[in-house]
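Notes to accompany the following structure.
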Amino acid sequence: MSNSPAPPNLSLAARDLAVVWHPCTQMRDHETIPMLAIERADGAWLQAPDGRRYLDAVSSWWTNIFGHRHPRIVAGLKDQLDHLDHIMLAGMTHEPAVALAEQLVEVAPPGLSRVFYADNGSSAVEVALKMSFHYWRNRGQDKRTRFVALSGGYHGETVGALSVTDVALYRATYAPMLFEPILAPSPDAYLREPGESEAEHVAQCLDSMRELLGKHAADVAAVIVEPLVQCAGGMRMYHVDYLRGLRALCNEFEVHLIADEIAVGFGRTGTLFACEQASITPDFLCLSKGLTAGTLPLSAVLTDERVYAAFYAEYSAGKAFLHSHSYTGNPLACRAALETLAIFRDEPVLERNRKLAAHLASRLSALLDHPNVADIRQTGMIAAVELVRDRRTREPFPADERRGLRVYLHGLERGVILRPLGNVVYFMPPYCVTIAEIDLMVDVAIEAIGKAVV
Ligand code: PMP
């Protein structure tokens, strides 16, 4: 067998399609959809080998909060590489892991004082689920084996995280191998009945949650939610009062609240963490994506002293939390996260985001009367446009018409990466985006929507 390097006359895209199996992709689509090869990235822009540039309007799956190759993170990583690349985190520690835990505890909602690392979002969700379950077991309540999740929620695609996910596209096929959560209605404001106020909708969803918890509290370990925005489920947004009410219900029925801020954390919703807007502290806070500003995989689960104490015992009691990934707390990733937090400290990130978000809102208002737009919603630096066949009835376009794909393809032609979720065109740009870049992103999306709905 030859071990010669790649054939020199094949493009990167062609070489890719011969060997790489891509995530979230029907590979056959690439017989017609171009595979986009990217050679370098600067700020909000990606560059192809042929020199074409693309505005990264979705922050590389919502990870890249400050733009690509932020100089401060690049410098931190180069320095870190000169000292320590990777060690296991069992029985050993290192400065970046310790400093990052100290600083996360400092900025997180009050009361979260312990940090458990993993290396991606789904793993953080697995950790939170297992830790909650195990907490109750260590406390002698081993009947608490179930989880409550919201309809339309997404928490990742490993088996446990997918079990508490309610997006059919990802879950349906694998359902026979998953555990069944107790599903509670989503507070998604788009689901309001005509004439129903936000307050009424929230009250109704909290009533349903109360009923479910009343019935199942003795079997439930935790409720898991994405605070304020259910992202992968279609950028479904809900009122902060729901979060407040949910915290109160979890207290009343003595079940844990897991806040999955993997997508919404680190400034996306207007505050560093979405939970801040409800002034609540979850029992478990899951973080990833923006944690390293999109440079390296890392995740963390924060919890409190009460949870930590339930695991702290003689070795022989068998109460230790067992969950180990080889790259847990990788020093390079922790260093990138430390630089991320430093940028939040030293630069007026949230203040600038408020101005950018206001501009994005004003530009999107051009779509308010569009006959195929049923909803324009925004929470901080996440904005979404719901495309429908008929605005009056809200009849959706059938999924197999793949209208969103048409938006994507037009975006590619015009140099903007838009990656709709079904019929929801959304914007989640890096925070370094300029007013002119927001204009470009919205102009291209409006053109693309015009082409996609005919
Ligand atoms: N939870 C939420 C809310 C997410 O948006 C995601 C990723 N889209 C995950 C969990 C899973 O993270 P990862 O892709 O890193 O496994």
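One-based numbering, in listed order, for ligands and for the atoms of each.
- Between the side chain of Glu226 and the main chain of Cys231, a donor-acceptor pair closer than 3.5 Å is present.
- Atoms of ligand 1 lying under 4.0 Å from at least one heavy atom of Gly156, given by number and element, are 10 (C), 11 (C).
- At least one cation-pi condition fails for Arg236 and Tyr154: the charged atom is not both under 6.0 angstrom from the six-membered ring centre and inside a 45 degree cone around its axis.
- In the vicinity of Ala263, heavy-atom distances shorter than 4.0 Å reach the ligand 1 atoms 5 (O).
- Both the backbone and the side chain of Ser122 come within contact range of ligand 1, each with a heavy atom under 4.0 Å.
- The Asn120 neighbourhood of ligand 1 comprises atoms 15 (O), 16 (O), with distances under 4.0 Å to a heavy atom of that residue.
- Ring geometry, Trp62 versus Tyr426: the interplanar angle exceeds 60°, so the pair is classed perpendicular (tilted spans 30 to 60°).
- Taking 4.0 Å as the cut-off, Trp62 counts as a neighbour of ligand 1 on heavy-atom distance.
- At a heavy-atom cutoff of 4.0 Å, ligand 1 is contacted by the backbone of His155 but not by its side chain.
- Checked against a 6.0 Å centroid threshold, the rings of Phe321 and Tyr308 do not count as neighbours.
- Considering only non-hydrogen protein atoms, atom 1 (N) of ligand 1 sits nearest to Asp260 OD2, 2.7 Å.
- A salt bridge links Asp241 with Arg244: the closest approach of a Lys/Arg side-chain nitrogen to an acidic carboxylate oxygen falls below 4.0 angstrom.
- Close approach of ligand 1 to Glu226 (heavy-atom distance below 4.0 Å) involves ligand atoms 3 (C).
- Classified by interplanar angle (parallel below 30°, tilted 30° to 60°, perpendicular above 60°), the ring pair His134/Phe311 is perpendicular.
- For atom 12 (O) of ligand 1, the nearest non-hydrogen atom from the set Gly121, Ala124, Cys24 comes from Gly121.
- The protein heavy-atom contact nearest to atom 6 (C) of ligand 1 is Tyr154 CE2, 3.5 Å.
- For the pair Phe147/Ser132, a side-chain contact is recorded, criterion being any heavy-atom separation below 4.5 Å from C-beta on.
- Between Arg394 and Glu386, no side-chain nitrogen of the basic residue sits less than 4.0 Å from a carboxylate oxygen of the acidic one, so the salt-bridge criterion is not met.
- Within the structure, ligand 1 has Lys289 among the residues with a heavy atom less than 4.0 angstrom away.
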